[in-house]
Amino acid sequence: MTRKRILTGDRPTGPLHLGHYVGSLQNRVRLQDEYETYILIADVQALTDNFEHPEKLEANIFEVALDYLAVGLDPEKVQFVIQSMVPELTELTIYFMNLVTVATLERNPTLKEEIKQKNFTKGLPVGFYTYPISQASDITIFKAHLVPVGEDQLPMIEQSREIVRRFNRLYDRVLVEPKALVGEVARLPGTDGGAKMSKSLGNCIYLGDPPETVRKRVMSMYTDPTRLRPTDPGHVEGNPVFTYLDVFNPDKAEVEELKDRYRKGRVGDVEVKERLFRVLDVFLAPIRERRNEFASKPDRVKEILVEGTRKGRAVAQDTMAEVRTAMKISYKL
Ligand code: TRP
């Protein structure tokens, strides 16, 4: 029996952080034995808002690959695929563009939010505006059943499902309607207490950060602004230090005991942060070690990327042959 497939991906605009881990990487690692997994390093998508600095991509493709290997994605089981090296994706995107209305793109909440945030001063590029369609190609060319992603990506999966339904009804049933899988912690707040970790907001702890960097980030974390002295009763809800402890400290009793003392004004921020630093260090140390090990073998990492991309492209080519036949554009000349 053939296994069901996973396709997911990341834009290579920088290394990955704890938010990526709990939102998606953890699920990918957990499911790598059960699903045939392809992970797309989405450099073409990254270009849609970085086209003025394409030179950033190459180094970041490598960083992202290191993060994948560091968290325990096994290249014997999982294929890492570089998007720009699968030109079939571009072709499928063009065909999909006929199946999507401008009004649908206009309603996409994640796209709307990003357009606002990025503040394109020279006007909104068509490439950026249409990236949800290109992402639908990413997912469907692999006939993915499951897409492990952070919560912000749900509208992209919904867009993909709509396209698949239209395509299959209009032409032939060749595409698979994908389902999203969001991590246990859908959205990890930033160290500044903001809604999410985001590179552009500078509120991240990266998977490869050295201990001193993690320590500094933790010690300067936002906590409870209403609490001026360690003897003041503190708030645990909405306090990112406790959110992180909930997520990363496997000793739940210890967390409850700290929360109790915090609420009663019997523990200072510094002590709680010290505890969080130790918890994160235990979590990050093996990841950092694996990351450094692969970083010292760049040829091995390149080989993994080339091999993953080769296998991924073969899948894409098979799907495209079926797509062209279904669309009756597989001309016998
Ligand atoms: N949009 C995703 C992000 O910003 C990256 C991505 C590209 C992706 N193609 C994908 C995610 C396909 C899931 C499936 O992180």
Side-chain angles (χ1 to χ4, degrees), residues 5-28 31 35-50 56-57 60-61 63-65 67-68 73 78-86 88-90 92-93 96 105 108-115 117-118 127-161 163-164 175-183 186-188 196-201 204 207 308-309 312 315-316 319:
R5 285 193 190 140
I6 278 180
L7 178 287
T8 182
D10 300 279
R11 296 181 194 175
T13 52
L16 304 180
H17 51 63
L18 291 177
H20 291 113
Y21 186 83
V22 296
S24 172
L25 292 170
Q26 191 173 29
N27 274 331
R28 303 181 196 178
L31 296 171
Y35 284 79
E36 185 181 319
T37 301
Y38 297 87
I39 302 186
L40 198 69
I41 305 186
D43 58 340
V44 176
Q45 187 177 113
L47 272 177
T48 62
D49 61 334
N50 290 277
K56 289 201 315 202
L57 296 179
N60 282 320
I61 287 172
E63 291 300 313
V64 168
D67 285 326
Y68 290 162
L73 288 169
V78 175
Q79 310 309 324
F80 306 149
V81 184
I82 299 176
Q83 189 181 24
S84 63
M85 291 167 73
V86 184
E88 289 74 16
L89 286 167
T90 315
L92 187 57
T93 301
F96 278 178
L105 289 174
N108 185 311
T110 296
L111 189 65
K112 265 204 265 193
E113 184 55 39
E114 284 176 315
I115 290 170
Q117 214 185 59
K118 292 185 197 296
F128 189 81
Y129 191 58
T130 54
Y131 94 73
I133 306 176
S134 134
Q135 189 159 335
S137 307
D138 300 343
I139 296 168
T140 56
I141 214 164
F142 287 93
K143 297 191 178 176
H145 300 84
L146 197 66
V147 189
V149 279
E151 192 186 36
D152 59 318
Q153 296 297 303
L154 292 178
M156 306 302 160
I157 317 304
E158 200 40 51
Q159 174 71 85
S160 307
R161 292 169 61 86
I163 290 174
V164 168
L175 301 178
V176 173
E177 213 175 309
K179 283 195 183 60
L181 176 69
V182 175
R187 194 179 286 243
L188 192 72
K196 67 171 199 168
M197 271 198 186
S198 158
K199 188 165 53 81
S200 51
L201 300 175
C204 303
L207 296 171
T309 302
V315 172
T319 305

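Numbering of ligands and ligand atoms starts at 1, following listing order.
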Counting from 1, what ligand 1 atoms have a heavy atom of [X] closer than 4.0 Å?
X      : answer
Val149 : 13 (C)
Gln45  : 1 (N), 2 (C), 4 (O), 5 (C), 6 (C), 7 (C), 9 (N)
Ala42  : 7 (C)
Leu7   : 12 (C), 14 (C)

Is it true that, when you exclude Lys179 itself, more than 12 heavy atoms of the residues, nucleotides or ligands shown sit nearer than 6.0 Å to its NZ?
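Counting other residues, nucleotides and ligands, NZ of Lys179 stays at 12 neighbours or fewer.
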
Check each heavy atom of Thr8 against ligand 1 and say whether those closer than 4.0 Å belong to the side chain, the backbone, both or neither.
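For Thr8, backbone and side-chain atoms both sit under 4.0 Å from ligand 1.
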
Once you restrict to heavy atoms under 4.0 Å, what part of Met156 touches ligand 1? Side chain, backbone, both or neither.
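Neither; no heavy atom under 4.0 Å.
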
Indicate the atoms forming the closest heavy-atom contact of [X] with [Y], along with that distance.
X      : Y     : value
Pro148 : Ser24 : O-OG, 3.0 Å
Asp43  : Ser84 : OD2-OG, 2.6 Å
Leu57  : Pro12 : CD2-O, 3.7 Å

Hey, does the side chain of Lys199 reach the backbone of Thr13 with a donor-acceptor pair shorter than 3.5 angstrom?
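It does hold such a pair.
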
Between Thr8 (side chain) and Val147 (backbone), is there a donor-acceptor pair under 3.5 Å?
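Checking the backbone N and O of Val147 against the side chain of Thr8, no donor-acceptor pair under 3.5 Å is found.
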
Do any N/O atoms on Tyr131 end up under 3.5 angstrom from N/O atoms on ligand 1?
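Between Tyr131 and ligand 1, no N or O pair is found under 3.5 Å apart.
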
For [atom], find the nearest protein heavy atom and state the residue, atom name and distance (0.1 Å precision).
atom                   : value
atom 2 (C) of ligand 1 : Gln153 OE1, 3.4 Å
atom 8 (C) of ligand 1 : Gln135 NE2, 3.4 Å
atom 4 (O) of ligand 1 : Arg11 NE, 3.2 Å
atom 9 (N) of ligand 1 : Asp138 OD2, 2.7 Å

Between Glu113 and Lys196, does at least one N-O distance fall below 4.0 Å, as a salt bridge requires?
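Looking at Lys196 together with Glu113, the answer is no, because their closest N to O distance does not fall below 4.0 Å.
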
Side chains of Ile133 and Leu105, heavy atoms from C-beta outward: is any pair under 4.5 Å?
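Answer yes - side chains close enough.
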
